[in-house]
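Structure first, commentary second.
Whatever order the structure lists them in is the order used to number ligands and atoms, beginning at 1.
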Amino acid sequence: MQQILEAILNDAPGDELAALPLPESYRAVVVRKDEQDMFEGMASTDKDPRQSLHVQEIALPELAPDEAVVAVMASSINFNTVWSSIFEPLSTFGFLTRLGRESYWGKRHDQDFHAVGSDASGVVLRVGSAVRRWKPGDKVVVHCNHVDDQDPSSHNDSMLGDNQRIWGFETNYGGLAELTIVKANQLMPKPAHLTWEESSVNALCNSTSYRMLVSPNAAPMTQGDAVLIWGATGGLGGYACQYVLNGGGTPVGVVSSPDKVDLLHDLGVEHVIDRREAGYRFWSDEHTQDESEWRRLGKDIRSMIGRDVDIVFEHPGRQTFGASVFVAARGGTIVTCAATSGFMIEFDNRHLWMKLKQIVSSHFANYAEAWAANQLICEGKVQPILSAVYPMEQTGEAAYQVHKNLHEGKIGVLCLAPSEGLGIEDPEFRAKVGEDRITLFRRHGA
Ligand code: NAP
């Protein structure tokens, strides 16, 4: 592995990288099957990723013809790694077993470890015999949509594929590792002006927010739309704010601390609600929602922008969904991709149908959407929201920060990269985009 790393750091040409032997095993962040019941009976908030995420040596599997081996320089924490690490809502080993039943190549994934992680930046080391567009030496980022391209249902919008999966969550050999095995159709060019860690944090959350707010497949906003964004400095929200600003809309960001309010103002979001300071209690007890509190949120929004929001960017789920449906404008859209605080959702349907609102679901992004979202990063029109960086050995701590909502934006993880700041190939373009804009979240996180 050292030889591979040195070659990458010396910018060795692709044929030189291709000639280096691949190791038989590599270090990866895993959860273990024999520990999947370790938190049984505990409250979610008490389940600790630092106990369940381990760095261990795993065997490099055989490469399928449509795959690539990528040397991972950096990766990131996504909330799905938190879910894997607390074995909620399900242990991910069930996903691997099902994938294992599908084919000879699927069987490789069904192991007693699950190498997790759904983001990566790095360098292609090998490609399978059917790969045409990528070669050893290519600097890449990886998106997490794992699709079976021989399945007809994948060919309109691949997110509709019957066996669409999220790499590193519903498949093994994910990105929090020294190496990863990915399908060639998960590869995208690395933004030349960004470091490895800045490049590694975008694909999953940026593509998801792109589909939710830009693609016609979800709730494409248009100039002048007002958009309420929950968790506006979080992984999804930090990109969502940029899309609304870029698209000529008015974001209303919801966050939970004065620091995060400042960060949003620096990002250019004028209208921000500190939900902790406001003290909304949408649920008066575990079973009862309080409409007067939804109304209070609606009034707060109107007092800032003078009207209701056209779109609500939803992901907290049970805690906020009733309020989200209520505050959307007549004819407005609630676009949802998650349910962090609980997936059994309740809302007052009268507010939905009488005011002709709609709920639109969204999940990650197809290759075209992920590519378009990555292109915006490459062109400096959307900035990475990296706020902190951890070494791979401390992935458990990094996931803990996200689980406990102690972070802002995205947390990067150095895998093979020996330090921060490496991997910039186009410093002139970086200067043109502006160091301040690129590192805004990092400076706040410092
Ligand atoms: P994140 O970085 O943790 O950000 C989420 C933010 O939501 C938090 O920072 C928090 O912000 C806010 N929040 C959390 N609980 C809340 C509550 N009860 N009420 C109001 N706000 C709350 O996570 P993320 O990466 O943005 O992901 C968010 C969710 O989306 C996760 O469940 C994740 O699994 C899911 N997700 C789904 C997809 C998909 O493709 N379907 C893709 C990415 C993520 P404040 O405390 O500042 O308000």
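The ring pair (Phe, Tyr, Trp, His ring centres under 6.0 Å) check on Y280 picks up F282, with sequence neighbours excluded. For K355, there are no salt bridge (Lys or Arg N to Asp or Glu O under 4.0 Å) partners at least two apart in sequence or on another chain.
Scanning the protein heavy atoms around atom 45 (P) of ligand 1, the nearest turns out to be S256 OG, 3.3 Å. In terms of protein heavy atoms, atom 35 (C) of ligand 1 is closest to A338 CB, 3.2 Å. Atom 43 (C) of ligand 1 has as its closest protein heavy atom L204 CD2, 3.3 Å. Atom 34 (O) of ligand 1 has as its closest protein heavy atom W83 NE1, 3.0 Å. Among protein heavy atoms, atom 10 (C) of ligand 1 sits closest to N405 ND2, 3.6 Å.
Any N or O atom pair closer than 3.5 Å counts here, and H407 shares at least one such pair with ligand 1. Between V402 and ligand 1, no N or O atom pair is found at a separation short of 3.5 Å.
Across Q319, H315, R275, heavy-atom proximity to atom 15 (N) of ligand 1 is greatest for R275. Distances from atom 41 (N) of ligand 1 to the heavy atoms of G237, A339, C337, A240 put C337 nearest. When the heavy-atom distances from atom 6 (C) of ligand 1 to S341, S387, G231 are ranked, the shortest goes to G231. In this structure, of I273, N80, I385, T340, the residue bringing a heavy atom nearest to atom 32 (O) of ligand 1 is T340.
Judged by distance alone, with hydrogens and angles left aside, the side-chain atoms of S341 form a donor-acceptor pair with the main-chain N or O of P316 at under 3.5 Å. Of the possible donor and acceptor atoms, one in the side chain of Q242 sits under 3.5 Å from a partner among the backbone N and O of G238. With hydrogens and angles ignored, the 3.5 Å screen pairs no side-chain donor or acceptor of D119 with any backbone N or O of S75. Without hydrogens or angle criteria, T180 side chain to Y173 main chain gives a donor-acceptor distance under 3.5 Å.
Residue contact check: C205 has heavy atoms under 4.0 Å from atoms 25 (O) of ligand 1. Atoms of ligand 1 found under 4.0 Å from any heavy atom of T208 (numbered from 1 in listed order, with element): 38 (C), 39 (C), 40 (O), 42 (C).
When E435, E420, E198, E408 are each tested for a salt bridge (charged side-chain N to carboxylate O under 4.0 Å, His left out) with R442, only one passes: E420. When each of Y367, W167, Y210, W371 is paired with H143, the ring-ring contact (aromatic ring centres under 6.0 Å, His included) condition holds for Y367 and for no other.
Residue contacts with ligand 1: T320 is included, with a non-hydrogen atom under 4.0 Å away.
A salt bridge links R27 with E178: at least one charged nitrogen is closer than 4.0 Å to a carboxylate oxygen.
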